[in-house]
There are 2 protein chains.
Amino acid sequence: MDPIANISQQFAAQKYKLTPQRQAIVKVLLDNEKDHLSVEEVYMMVKNSYPHLGLATVYRTLELLCELHIVEKMNFGDGVSRYDLRGGDHEHMHHHLICSVCGRLEEIKEDWLLDLEKRLEREYGFQVSDHRLDFKGTYNTCQKTSCKREKANKAVS
Amino acid sequence: MDPIANISQQFAAQKYKLTPQRQAIVKVLLDNEKDHLSVEEVYMMVKNSYPHLGLATVYRTLELLCELHIVEKMNFGDGVSRYDLRGGDHEHMHHHLICSVCGRLEEIKEDWLLDLEKRLEREYGFQVSDHRLDFKGTYNTCQKTSCKREKANKAVS
DNA sequence: CTACCTGCAAATGATTTGCACTATT
DNA sequence: AATAGTGCAAATCATTTGCAGGTAG
């Protein structure tokens, strides 16, 4: 289904209005599906199509989208929250590779943790509803470069 | 080895001083190894043994410990950074269970990701230096309780 | 009209920083 | 004396909130 229509439905179902501002924000997210944008980044980009928009609206909209499970909020330790569109219904299943040399952030769409989640259920009596898996490291193709230290101090595991 | 002596060595090796303030902070971390304390929490606890201590010193010391890989900084989406003592040398290997009913945070000391890390190396040419794995969900023993919603909005994956 | 949304500006809260002071070598 | 470390207060930065005005059903 057309993603906009799909999202529009979800808004309607929960009695929220898909205002032009919200549409513009969603559009930016769709156009940058590969990235993990911060509020400020979304704000800047939406300003192009909707110059009058206020920053608080971006915060409020992203929070709303999070509540509707349309986006996922996450924190990579650079001091800002970042947002990522969720794929299909229950696709909470993706992992991240973060390269400490080039800073690239790659998303892995497979779910490698199903076995572990079963094991948690069995051994710990814990039912998983969501998970997060990030790997820090370096791409082999990056190792020649000198190690950038810049934000290393701020880094959050 | 005595953990204090060990840490003391690491300080000396990098030409840092293990001042009484820093010792007091490290002691609090050792005494609460099971928890993931926030700066504010560490501050409160150190105040008992060292009432004169300033908050900025706690920030600075925890950042330093992070740099020395003695603690790990992490963010569970409640708005504050939390710190966790690392175990042995390269023991970056633990995972978290976060119960959305009782809020409990359990640490799993095993490393379940070795196979995945090998696979990343093979299939993605990515060499893992560290990882983070958190599971959100509920303990079976918790499910009777009504679902606390409190901080849910703030939650970061 | 009523309830939801928005924009703005002010408030908040965590973290950082400038600076003068202290302690250690 | 020189340098690293500290405490305090002020500054900064992301995020939230109060409120007055706008908009859609």
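Within every chain, numbering begins at 1; the chains are lettered A, B, ... in the order of the sequence lines, protein sequences first and strands thereafter.
- Across all strands, B:E40 comes closer than 4.0 Å to no nucleic acid atom at all (heavy-atom distances).
- The nearest whole Å value for the distance from the CG atom in A:D78 to the P atom in C:dT16 is 13 Å.
- Residue A:T19 has no polar side-chain atom (N or O) positioned under 4.0 Å from OP1 or OP2 of D:dA24.
- Residue order along DNA chain C, read from the 5' end via each residue's closest nucleotide, puts A:K17 first among A:K17 and A:A56.
- Figure legend: cation-pi geometry between A:R104 and A:Y139, with NZ or CZ positioned under 6.0 Å from the six-membered ring centre and within 45° of its axis.
- Atoms NE2 and CG, on A:H94 and A:D134 in that order, are 8.5 Å from each other to the nearest 0.5 Å.
- Contact between the side-chain N/O atoms of A:Q21 and the OP1/OP2 oxygens of C:dG7 is found at a separation under 4.0 Å.
- Going from atom NE2 of A:H52 over to atom C1' of C:dC8 covers 9 Å, rounded to whole Å.
- Mapping B:P20 and B:L55 onto DNA chain C via the closest heavy atom, the residue that lands nearer the 5' end is B:L55.
- Looking at B:E67 and B:Y16, their side chains do bring a donor and an acceptor atom within 3.5 Å of each other.
- A straight line from CZ of A:F76 to P of D:dA14 spans 17 Å, rounded to a whole angstrom.
- A straight line from CG of B:L68 to P of D:dG5 spans 11 Å, rounded to a whole angstrom.
- Residue A:T57 places at least one side-chain N or O under 4.0 Å from the OP1 or OP2 atom of C:dG7.
- B:Y50 comes within contact range of the sugar-phosphate backbone alone, with a heavy-atom separation under 4.0 Å but no base atom that close.
- The nearest whole Å value for the distance from the NZ atom in A:K73 to the P atom in D:dA14 is 14 Å.
- Remark: C1' of C:dC5 and OH of A:Y59 are 19 Å apart, rounded to the nearest angstrom.
- In this model, the phosphate group of C:dT15 is approached by a side-chain N or O of B:S81 to a distance below 4.0 Å at OP1 or OP2.
- Regarding B:Y16, its OH atom lies at a distance of 16 Å from the P atom of D:dT3, rounded to whole Å.
- One can place CG of B:L64 at 17 Å from P of C:dT15, the figure rounded to the nearest angstrom.
- Heavy-atom distances to DNA chain D give each of B:L18 and A:R82 a nearest nucleotide, and the one nearer the 5′ end belongs to B:L18.
- Ionic pairing of A:D84 and A:K34 is not present here: no N-O contact between side-chain nitrogen and carboxylate oxygen is shorter than 4.0 angstrom.
- A:E117 and A:H131 form a side-chain donor-acceptor contact under 3.5 Å, judged by distance and modelled atom types alone.
- In this structure, B:R60 reaches the bases: a heavy-atom distance under 4.0 Å links it to at least one base atom across the strands shown.
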